[in-house]
S.K.: 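Could you have a look at this structure, given as structure tokens, before my questions?
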Amino acid sequence: MSEPNYIVKICLLGEAAVGKTSLVYRFVQNTFRDSYKSTLGVNLLKKDLTIGGYGEVSAQIWDLGGQESFRSLRKLYLEGANGALVIYDMTNRKTFDKLDDWVDSFKEARGQQPLLLIGNKADLKNKIEVEEEEGKSFAEKNNMDFIITSAKTGLNVEEAFKDLIKTILDKIS
Ligand code: G3D
Ligand code: MG
């Protein structure tokens, strides 16, 4: 693509193993692998896309590489982020209980920039520990959009990224 009209930095937040890296790969390359090596530091991926009304947009996607527990890294990671996807695993309640922590970290660093909540692993229907309604009410309380996804089947993955990017653009233009 030629020069993009907009460049947006998006961060993925959430506990280890919720599916952050899988969602990024599904979105950027439309693939799913059963195992992603836990990389140190940060994975940076780029995807160019067209967003209705805004034309060409370059999304810079930052994915925590296995350092989710290092609070000291969060600030650096979040610097300059235009928005974030906050992800929990629908089959693991502990990851849902940690959401406040992630949302607080983001708000501390980036104030009122848009967030979108993702309940991932929706394909594991008989293992669900957190019902969709609970995700929905957390999102409402925190003034964020909400969507359930599966990085495995591809359900709603593109929709989630595009929804966040659109919300960011609506806000900055
Ligand atoms: P992370 O980047 O948040 O740490 P990963 O999470 O993307 O590494 O995913 C952690 C594990 O969950 C991986 O399995 C991955 O295949 C699996 N996973 C991610 N998203 C989904 C999904 O939507 N559905 C299902 N069924 N599994 C998913 P392993 O076995 O490698 O630990
Ligand atoms: Mg990862």
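When a ligand or atom number is given, it counts from 1 through the structure's own listing order.
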S.K.: Select the closest option to atom 28 (C) of ligand 1 among M90, K121, K127, judged by heavy-atom distance.
M.R.: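 Closest candidate by heavy-atom distance is K121.
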
S.K.: Is it the case that ligand 1 has an N or O less than 3.5 angstrom from some N or O of A151?
M.R.: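 In this structure, A151 places an N or O atom under 3.5 Å from an N or O of ligand 1.
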
S.K.: For the backbone of L116 and the side chain of D145, can you confirm whether one donor and one acceptor N or O come within less than 3.5 Å of each other?
M.R.: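 Checked: no pair found.
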
S.K.: Just checking: T21, one of its N/O/S atoms, less than 2.8 Å away from the Mg ion (ligand 2), yes or no?
M.R.: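 True for T21.
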
S.K.: So, regarding K20 and ligand 1 (criterion: nitrogen or oxygen to nitrogen or oxygen, under 3.5 Å), is there a contact or not?
M.R.: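 Such a contact does occur with ligand 1.
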
S.K.: Using a 6.0 Å distance limit plus a 45 degree cone around the ring axis, check whether K47 lies over the aromatic ring of F27.
M.R.: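 Judged by the rule, K47 and F27 form a cation-pi pair.
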
S.K.: At under 4.0 Å between heavy atoms, which part of N120 makes contact with ligand 1: side chain, backbone, both or neither?
M.R.: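 Answer for N120: side chain.
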
S.K.: Could you list which atoms of ligand 1 come closer than 4.0 Å to a heavy atom of L124?
M.R.: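 Checking each atom against L124, I get 26 (N).
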
S.K.: Does L13 offer a backbone N or O that forms a donor-acceptor pair with the side chain of K20 under 3.5 Å?
M.R.: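 Checked: no pair found.
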
S.K.: With heavy atoms of D123 as the reference, note each atom of ligand 1 found under 4.0 Å away.
M.R.: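 What qualifies from ligand 1 is 22 (C), 23 (O), 24 (N), 25 (C), 26 (N).
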
S.K.: When the ring planes of Y88 and F96 are compared, do they come out parallel, tilted or perpendicular, using 30° and 60° as the limits?
M.R.: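 Perpendicular, since the angle between the ring planes exceeds 60°.
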
S.K.: Would a distance-only check, ignoring hydrogens and angles, find a side-chain to backbone donor-acceptor pair under 3.5 Å from D163 to E159?
M.R.: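 Side chain of D163 to backbone of E159, a donor-acceptor pair under 3.5 Å: no, none is there.
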
S.K.: Transitively linked via ILVMFWY side-chain contacts under 4.5 Å: L45 with V157?
M.R.: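 Yes: a chain of side-chain contacts under 4.5 Å links L45 to V157.
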
S.K.: Side chains of T153 and D123: any donor to acceptor distance under 3.5 Å?
M.R.: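 No.
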
S.K.: Does any N or O of ligand 1 fall below 3.5 Å from an N or O anywhere on A16, backbone included?
M.R.: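 There is no such contact.
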
S.K.: For ligand 1, is there an N or O atom under 3.5 Å from any N or O atom of S22?
M.R.: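 Among all N and O atoms of S22, at least one is under 3.5 Å from an N or O of ligand 1.
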
S.K.: Show me which atoms of ligand 1 lie under 4.0 Å from any heavy atom of S150.
M.R.: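 Reading through ligand 1 atom by atom, the close ones are 23 (O).
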
